[in-house]
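All remarks here apply to the structure that follows.
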Amino acid sequence: MKYADRISEILNAFSPAPLRADQMEEFYCDNTMEYRTSDKYDSPIEDIYDSCRSFDERDAYLLLGHRGCGKSTELNRMSERLAVDGYPVKTVNCSLDLDLFNIVYSDLFILMGEALLKIAEELKCEIEKDVLENIKNFWHEGTETLMSQEIGGVSVETGMSIETGGILAGLLNVFAKIKADLKLNEERRKEYRHKISIRSSEWIGILRKVAEKITGRTGGKHPIIIFEDLDKLNPEDAWKVFYNYAAILSGMTFPVIYTFPIGLSYDKRFSAMDSYFTTKTLPMIKIETIEGELFQDGIDIIRDIVKKRADLALFESGVVDLLIQYTGGSLRDLFHVINTSANRAKRRGSDTVSMEDAGRALEEVKTFLTRRIEEKDYTFLLNIYNENKERIEDKEMLLNMLQASVVLEYNGKRWHNVHPLVIKFFREQGLIQDVRE
């Protein structure tokens, strides 16, 4: 990723991937929280950061937020700061390691074990031979050949010091095979899940012992595990993972952070989660007030995010503000329309993105969003737009609309609005008569 000073470089500069630690200094915009929460001193990410550093007992976190609001980048930034403080942090990218349409709670415990072993290997922890033996024996059934190949001549009986590194490397290779099976091999997937489900207390005990060795190696600073992409789960899969297993998922002796779908906070089952998890929400950057007026400070901070990645001279006058206004504070949607409009400009041989390029890119996203709604949904959405941005009685419908990104939630006073491109569609259909643009 590099700063774009030519049209051809925009696609690379506006990658939807979150910023990595080595990209933060150049591209991270660190003053967005005031325009997310309406209070410069209020930050859900700072709350989690402070709590992880003062962690004393068991605790787990659910971080909610719209897809594309910047959660992953903020978590990466927090991880970087924790690492500087001496805390070993590992992020698990669930969409890479698992099939998000086929996931159960035990999958997370398998990935948690791998993450702790990776940390232990990186820190060159000396793990007792009985712990290594327990890990080996736990997964031995069904992976005997792989165990023999990967651990080979390195004896668990002498698994200390130099030998520990070899055994850990072998065990991590076993976990790589297990992860591949979890994603692709239905028969093996069932075996691994069954093993965790009937011996979960044993596996948790192993995780606790590995975590204790890591904490000892770092002078008392516990490992921290972050599960990314779980906010992409559809509602019923999310409840299947979390609701019946909240106690076990929140019962680790080290901090664990799970991303979580924002729409589910309106489900009546969500209140039960507060007993097990500390829940935090990363709001969108608002670009409009609840009264329907443009919020210039929010627009300006998003323009600063764009300016960090590209020369604004690559866009004709008014284009960047237009794209910001119609993407509603969603950085994911904004980056998408920037890339789409820049591609069109490049194909027509232009050095700048024009209003027509931007308009066609927005039209594409508008079509995508309006395919997610039916005419029977219009009354609900128009009611939000016209008068009911805070108190919404039909929680099930709200959950569905949030899940579809057709409705967006904003900060401070918890309020909602219809996605600006859906509002534009309603105007074109003659369903909205005002001229606020």
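Fair warning: this is a prediction, and the values are worked out from it, not measured in the lab. Along the sequence shown, the residues carry numbers beginning at 1.
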For this session: Using modelled atom types only, decide if a donor and an acceptor are shared between the side chain of N12 and the backbone of K2 within a distance under 3.5 Å.
Result: yes

Problem set entry | Modelled atom types, side-chain donor and acceptor of N137 and E133, under 3.5 Å | yes

Exercise. Stepwise, does the side-chain contact (heavy atoms from CB on, under 4.5 Å) test hold for N102 with R189?
Worked result: CA-CA 10 Å; N102 187 343; R189 181 192 301 139; 3.0 Å; yes

Seminar exercise, completed: Taking every heavy atom of A13 against every heavy atom of M1, the minimum-distance pair comes out as O-CE, 3.3 Å

Seminar exercise, completed: With sequence neighbours left out, the residues meeting side-chain contact (heavy atoms from CB on, under 4.5 Å) with I302 are I285, I287, I324, L331, L334

For this session: Give a yes or no on whether a salt bridge exists between K221 and D85, defined as a side-chain N under 4.0 angstrom from a carboxylate O.
Result: no

Problem set entry | Which residues share a side-chain hydrogen bond (donor to acceptor under 3.5 Å, both in side chains) with N93, sequence neighbours left out | none

Problem set entry | Short N-O contact, K177 and D181, less than 4.0 angstrom | yes

Exercise. Does a side-chain N-to-carboxylate-O contact under 4.0 Å join E363 and K366?
Worked result: yes

Exercise. Is it true that E236 and R269 make a salt bridge, defined as a side-chain N closer than 4.0 Å to a carboxylate O?
Worked result: yes

Exercise. Is a salt bridge present between E74 and R77, judged by a nitrogen-to-oxygen distance below 4.0 Å?
Worked result: no

For this session: Only counting residues at least two apart or in another chain, list the ones meeting ring pair (Phe, Tyr, Trp, His ring centres under 6.0 Å) with Y87.
Result: H222

For this session: Using atom types as modelled and distance alone, determine if a side-chain donor or acceptor of T73 lies under 3.5 Å from a backbone N or O of G70.
Result: no

Exercise. Got a sec, which residues hit salt bridge (Lys or Arg N to Asp or Glu O under 4.0 Å) with E396, two or more places apart in sequence or on another chain?
Worked result: none

For this session: Taking the six-membered ring of Y3 (Phe, Tyr or Trp), confirm whether the NZ or CZ of R309 is under 6.0 Å from its centre and within 45° of its axis.
Result: no

For this session: Under the ring pair (Phe, Tyr, Trp, His ring centres under 6.0 Å) rule, collect the residues that match up with F380, sequence neighbours excluded.
Result: none

Problem set entry | K183 side chain to L96 backbone, donor-acceptor under 3.5 Å | yes

Problem set entry | Short N-O contact, E409 and K286, less than 4.0 angstrom | no

Problem set entry | Residues forming a salt bridge (Lys or Arg N to Asp or Glu O under 4.0 Å) with E187, sequence neighbours excluded | none

For this session: Would you check if there is a donor-acceptor pair between the side chains of S341 and D357 at a distance under 3.5 Å?
Result: no

Problem set entry | salt_bridge(K280, D47) N-O dist < 4.0 Å | yes

Problem set entry | Results of side-chain contact (heavy atoms from CB on, under 4.5 Å) for K90 - residues two or more places apart only | A115, K118, I119, E122, I225

Exercise. Of all residues at least two apart in sequence or in a different chain, which pass the ring pair (Phe, Tyr, Trp, His ring centres under 6.0 Å) check with F242?
Worked result: Y258, F260

For this session: Could you tell me whether a side-chain N or O of K71 sits under 3.5 Å from a main-chain N or O of G68, the two making a donor and an acceptor?
Result: no

Problem set entry | For the student: nearest non-hydrogen atoms of P255 and P223, plus distance | CD-O, 3.4 Å

For this session: Return the set of residues passing ring pair (Phe, Tyr, Trp, His ring centres under 6.0 Å) with Y28 (not counting sequence neighbours), or none when no residue passes.
Result: none

Problem set entry | Salt bridge K213-E126, side-chain N to carboxylate O under 4.0 Å | no

Problem set entry | Test side-chain contact (heavy atoms from CB on, under 4.5 Å) applied to R217 - qualifying residues, sequence neighbours left out | L123, K124, C125

For this session: List for me each residue that meets salt bridge (Lys or Arg N to Asp or Glu O under 4.0 Å) alongside D30, sequence neighbours excluded, and say none if there are none.
Result: none

Exercise. Is there a donor-acceptor contact under 3.5 Å from the side chain of D5 to the main chain of D311?
Worked result: no

Under 3.5 Å, sequence neighbours excluded: what are the donor-acceptor pairs made by side chains of residues 104-113?
unit_1 : atom_1 : unit_2 : atom_2 : d
D107   : OD1    : R193   : NE     : 3.0
D107   : OD2    : V104   : N      : 3.2
D107   : OD2    : R193   : NH2    : 2.8

Problem set entry | Electrostatic pair E364:R360 at N-O distance under 4.0 angstrom | no

Exercise. Ring centres of Y266 and H416 under 6.0 Å apart?
Worked result: yes

